[in-house]
Structure formats: structure tokens, C-alpha cells
Enquirer: 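Dumping the structure here so I can ask a few things about it.
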Amino acid sequence: MDSVRSSSVHPSSVHPSAVIGDGVELGSDVTIGPSAVVLGPAWLGDGCWIGPGCVIGTPPEITSTAHNRRWDGALAHQGVRIGPRTVIRELSTVHQGSHRPTTIGADCWLLNRSYVAHDCQLGDGVTLSAGVSIGGNVALDDAVNLGMNAVVHQRRVLGAGALVGMGAVVDRDIPPFGKAYGCPAKLHGVHELGVAKAGLERAVLRTLTEAYAAGKRPSGRLPEQLAQVFERWRGAGPLRPLVPC
């Protein structure tokens with residue numbers, strides 16, 4: 001623990017069998033379970049909970065990238081950032097970024113055996129169910145929910161409130177509040193609960209339902225909140241969308 005910077009007001013709880021490398025910064029009231037490994041650079045926000053056997057901060061899985069011994073203080077790569085109150089359950093893995101920090105937002109819920117590859121960007125309130133794997137440079141906006149054992153191809157973009165079914169293979173970008181499942185995943189309407197949780201009016205649900213049924217992005221003047229969500233989706237990277245962007 002000599003290399004770990006942590007709050008003295010609400011000290012963190014790190015199990016004696018955990019490995020905490022150089023360059024790791026912990027917020028207040030962080031829990032790190034038995035045999036977990038956290039390697040720097042890494043920043044964990046207040047109230048994070050890291051389960052037994054998790055591995056956070058190992059080098060990117062890129063053949064041209066140096067596989068440095070981070071546990072010996074060799075700090076290369078761009079780090080991992082995890083927002084406050086995020087829970088990462090047992091046996092999950094989060095890799096270092098290669099050109100930007102791998103980022104997981106606040107209040108996320110990563111269930112057991114989740115895999116988050118290099119340079120991924122997860123918003124707030126994201127849920128990865130057990131066994132989910134997301135490839136490098138994937139962007140998940142706020143409140144995305146992936147079912148058990150879903151797989152997301154590298155560089156895909158999932159809009160806010162999107163829902164992905166169990167075992168789906170996502171090789172295209174899913175629009176905000178889209179509901180997708182299958183192998184490969186196809187769009188099957190709107191994630192109604194996601195729309196409701198986002199506080200959007202019922203009229204928004206009708207607009208999205210009609211647009212997605214027609215295989216299109218909603219057009220015309222959209223409520224400001226929804227327009228911002230679509231703008232983030234389009235701006236997250238070059239898209240290969242399930243509906244025209």
C-alpha cells in the first residue's frame with residue numbers, strides 16, 4: 001500500500017492479498033477484494049467496489065504495444081479511470097488505454113467475468129451483465145445495458161439507453177434507446193424502460209418507435225435532450241449504424 005494514494009477521511013479497504021501497483025490513486029471508501037490486481041496509472045473514484053480476482057490496468061492487448069511489467073513500476077500506456085460508486089464484480093478485466101485512458105463512468109455495474117478492452121469509453125450508469133466482452137475503442141453512452149454473454153466488436157458505438165439482449169453479437173452501431181438482439185444483432189424497436197428512466201416524454205417514445213420501425217433515425221425537430229443524445233452518438237466515431245445516422 002505504500003504506493004497508493006487514498007483519502008484519510010474515509011479510508012479505503014484493500015484486502016491483504018490484493019496487488020496494488022505504483023501510480024494507483026484511490027478515492028475515499030474504496031473496497032478492493034481478495035486477489036484483485038490494480039496496476040497504474042489508475043484512478044478509482046469514491047465508493048468503488050472491486051471484487052475478488054479482478055484485474056485492472058494490465059497492458060492493452062495490441063501486438064505492437066509493449067507488455068511492460070506494471071507491477072514492477074514500469075508505467076507506460078494511458079491509464080484506467082473508474083468513476084464513483086462503480087461496482088466491478090469478481091474475475092472481471094479492464095485494460096489500460098493505448099491512446100487515451102480506458103474510462104468507466106460513475107454508478108456503473110460490471111458483473112462477473114466482464115471484459116473491457118483498451119481505450120473503451122463507458123458513460124455513467126452502464127450495466128455489463130455476466131460474461132460480457134467489449135472490444136477495443138468501444139464507446140457506450142450513459143445507461144447502456146448489455147445482457148449476459150453479449151459481445152461488442154471493436155470501435156462500435158452504442159447510444160444512450162440502448163439495450164442489448166443475451167448472447168448478442170454487436171457488429172454495428174446501435175442508436176440511442178435502441179433494443180437489439182441476435183447474432184449478428186438486429187434492431188428490434190425501442191428500449192421503453194430506458195426512455196422512461198431518462199425522463200423523456202411519452203411523445204419521444206412514439207417518435208423513436210415510428211422511426212426505428214421504418215429503419216430510420218428520427219427526423220424533424222427533436223426535444224433538446226434527445227437531440228443531444230443523438231449528437232453524442234454521431235460524434236463518438238465513424239459510424240456503421242443499424243439505422244441511417
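Both backbone and side-chain heavy atoms feed into the values below; hydrogens, waters and symmetry mates do not. Just so you know, these numbers come straight off a predicted model, no measurement behind them.
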Enquirer: Decide side-chain contact (heavy atoms from CB on, under 4.5 Å) for N137 and H99; before the verdict, give the C-alpha distance in whole Å, the side-chain angles of both, and the deciding distance to 0.1 Å.
Expert: CA-CA 10 Å; N137 292 287; H99 64 91; 2.9 Å; yes

Enquirer: Do any N or O atoms from the side chain of T207 and from the backbone of A203 form a donor-acceptor pair under 3.5 angstrom?
Expert: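 Checking the backbone N and O of A203 against the side chain of T207, a donor-acceptor pair under 3.5 Å is found.
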
Enquirer: Are any of the side-chain heavy atoms of T58 and L39 separated by less than 4.5 Å?
Expert: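 Contact flag for T58/L39 side chains = yes.
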
Enquirer: Does Y181 have any ring pair (Phe, Tyr, Trp, His ring centres under 6.0 Å) partners at least two apart in sequence or in another chain, and if so, which?
Expert: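 Testing Y181 for ring pair (Phe, Tyr, Trp, His ring centres under 6.0 Å), a comparison that skips the adjacent residues, returns H188.
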
Enquirer: How close do W43 and P41 get, heavy atom to heavy atom, and via which atoms?
Expert: CH2-CB, 3.6 Å

Enquirer: Cluster question for you: counting only ILVMFWY and a side-chain heavy-atom cut-off of under 4.5 Å, with indirect links fine, are V164 and L111 together?
Expert: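 No, no single cluster joins them.
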
Enquirer: N145 and H191: side-chain donor and acceptor closer than 3.5 Å?
Expert: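 Checked: N145/H191 side chains show no N/O donor-acceptor pair below 3.5 Å.
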
Enquirer: What pair of heavy atoms forms the shortest contact from A106 to D124, and how long is it?
Expert: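 That closest heavy-atom pairing would be N-OD1, 2.8 Å.
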
Enquirer: Are V138 and I62 connected, step by step, through hydrophobic side chains (Ile, Leu, Val, Met, Phe, Trp, Tyr) whose heavy atoms are closer than 4.5 Å?
Expert: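 In one cluster with V138: I62, no.
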
Enquirer: Checking R202 against L205 for the side-chain contact (heavy atoms from CB on, under 4.5 Å) test, could you report, in this order, the C-alpha distance in whole Å, the side-chain angles of both residues, the deciding distance, and whether it holds?
Expert: CA-CA 5 Å; R202 191 75 182 175; L205 177 59; 3.5 Å; yes

Enquirer: Please round to the nearest 0.5 Å and tell me the distance separating atom OG1 of T103 and atom CZ of R81.
Expert: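 Nearest 0.5 Å value for the OG1-CZ distance: 7.0 Å.
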
Enquirer: Hey, could you give me the CG/OG distance between N112 and S92, rounded to the nearest 0.5 Å?
Expert: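 The OG atom of S92 is 6.5 Å from CG of N112, to the nearest 0.5 Å.
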
Enquirer: Got P52 and S35 here, is their nearest side-chain heavy-atom distance under 4.5 Å?
Expert: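 No, their side chains stay 4.5 Å or more apart.
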
Enquirer: Find the distance between NE2 (H153) and OG (S133) and round it off to the nearest 0.5 Å.
Expert: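 The distance works out to 13.0 Å.
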
Enquirer: Group every Ile, Leu, Val, Met, Phe, Trp and Tyr by side-chain heavy-atom contacts under 4.5 Å, then state whether V144 and V229 land in the same group.
Expert: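 V144 and V229: one cluster.
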
Enquirer: Looking at every heavy atom in both A117 and G136, which two are closest together, and how far apart are they?
Expert: CB-N, 3.5 Å

Enquirer: Does N149 use its side chain to pair, donor to acceptor, with the backbone of G167 at less than 3.5 Å?
Expert: no

Enquirer: Between atom CZ of R217 and atom CG of L239, what is the distance when rounded to the nearest 0.5 Å?
Expert: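 It comes to 10.5 Å.
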
Enquirer: Check the hydrophobic clustering (I, L, V, M, F, W, Y; side-chain heavy atoms under 4.5 Å; chains of links allowed) and say if L222 and F177 are grouped together.
Expert: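 Yes; tracing contacts between hydrophobic side chains, which count when under 4.5 Å, links both residues.
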
Enquirer: Might you point out which heavy atoms bring W233 and P241 nearest each other, and give the distance in Å?
Expert: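 Closest pair (atom of W233, atom of P241, distance): CH2-CB, 3.6 Å.
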
Enquirer: Is there a side-chain contact between I20 and V14 in this structure, where contact means two heavy atoms from C-beta onward sitting under 4.5 Å apart?
Expert: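 Sidechains of V14 and I20: in contact.
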
Enquirer: Verify, without hydrogens or angle tests, whether D142 (side chain) and G123 (backbone) share a donor-acceptor contact under 3.5 angstrom.
Expert: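 Checking the backbone N and O of G123 against the side chain of D142, no donor-acceptor pair under 3.5 Å is found.
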
Enquirer: Membership question, hydrophobic clusters at under 4.5 Å side-chain separation (ILVMFWY): are L122 and M148 in the same one?
Expert: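 No.
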
Enquirer: Could you pull out the closest heavy-atom pair between I134 and L140, with the gap in Å?
Expert: CD1-CD1, 4.2 Å

Enquirer: If you round to the nearest 0.5 Å, how far is CD1 of I82 from CG of L44?
Expert: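 Reported to 0.5 Å precision, the distance equals 4.0 Å.
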
Enquirer: For the residue pair C108 and L110, what are the closest heavy atoms and their distance?
Expert: CB-CD1, 3.9 Å

Enquirer: Stepwise, does the side chain to side chain donor-acceptor pair (under 3.5 Å) test hold for D119 with S98?
Expert: CA-CA 6 Å; D119 303 295; S98 67; 2.6 Å; yes

Enquirer: Are the side chain of R240 and the backbone N or O of D171 linked by a donor-acceptor pair below 3.5 Å?
Expert: yes

Enquirer: Could you walk me through whether K179 and V190 pass side-chain contact (heavy atoms from CB on, under 4.5 Å), step by step?
Expert: CA-CA 5 Å; K179 178 171 61 177; V190 180; over 6 Å; no

Enquirer: Give a yes or no on whether the backbone of A66 and the side-chain of H77 come within a donor-acceptor separation of less than 3.5 Å.
Expert: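 It does hold such a pair.
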
Enquirer: Do D141 and R232 sit within salt-bridge range, that is, some charged N less than 4.0 Å from a carboxylate O?
Expert: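 Salt bridge between D141 and R232, a charged N being under 4.0 Å from a carboxylate O: yes.
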
Enquirer: Applying the side-chain contact (heavy atoms from CB on, under 4.5 Å) test to I56, which of I104, V116, V80 qualifies?
Expert: V80

Enquirer: When you measure from the side chain of D29 to the backbone N and O of D46, does any donor-acceptor pair fall under 3.5 Å?
Expert: no

Enquirer: First locate atom CE of M166, then atom OG of S129, and finally report the distance between them rounded to the nearest 0.5 Å.
Expert: 9.0 Å

Enquirer: For atom CZ of R172, is the number of surrounding heavy atoms from other residues, nucleotides or ligands below 6.0 Å larger than 12?
Expert: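 More than 12 heavy atoms, drawn from other residues, nucleotides or ligands, come within 6.0 Å of this atom.
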
Enquirer: Determine, step by step, whether L146 and V152 satisfy the side-chain contact (heavy atoms from CB on, under 4.5 Å) criterion, reporting the C-alpha distance in whole Å, the side-chain angles of both residues, the deciding distance to 0.1 Å, and the verdict.
Expert: CA-CA 9 Å; L146 277 70; V152 182; 3.4 Å; yes

Enquirer: Between Q96 (side chain) and G79 (backbone), is there a donor-acceptor pair under 3.5 Å?
Expert: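 Yes.
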
Enquirer: Could you tell me whether the side chain of L158 reaches within less than 4.5 Å of the side chain of D173, counting heavy atoms only?
Expert: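 SC-SC contact between D173 and L158 ruled out.
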
Enquirer: Crowded around E201 CD? As in, over 12 foreign heavy atoms under 6.0 Å?
Expert: no

Enquirer: Around atom CZ of R100, are there more than 12 heavy atoms of other residues, nucleotides or ligands at under 6.0 Å?
Expert: yes

Enquirer: What pairs with H95 under ring pair (Phe, Tyr, Trp, His ring centres under 6.0 Å), at least two apart in sequence or on another chain?
Expert: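 Applying ring pair (Phe, Tyr, Trp, His ring centres under 6.0 Å) to H95 gives Y115.
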
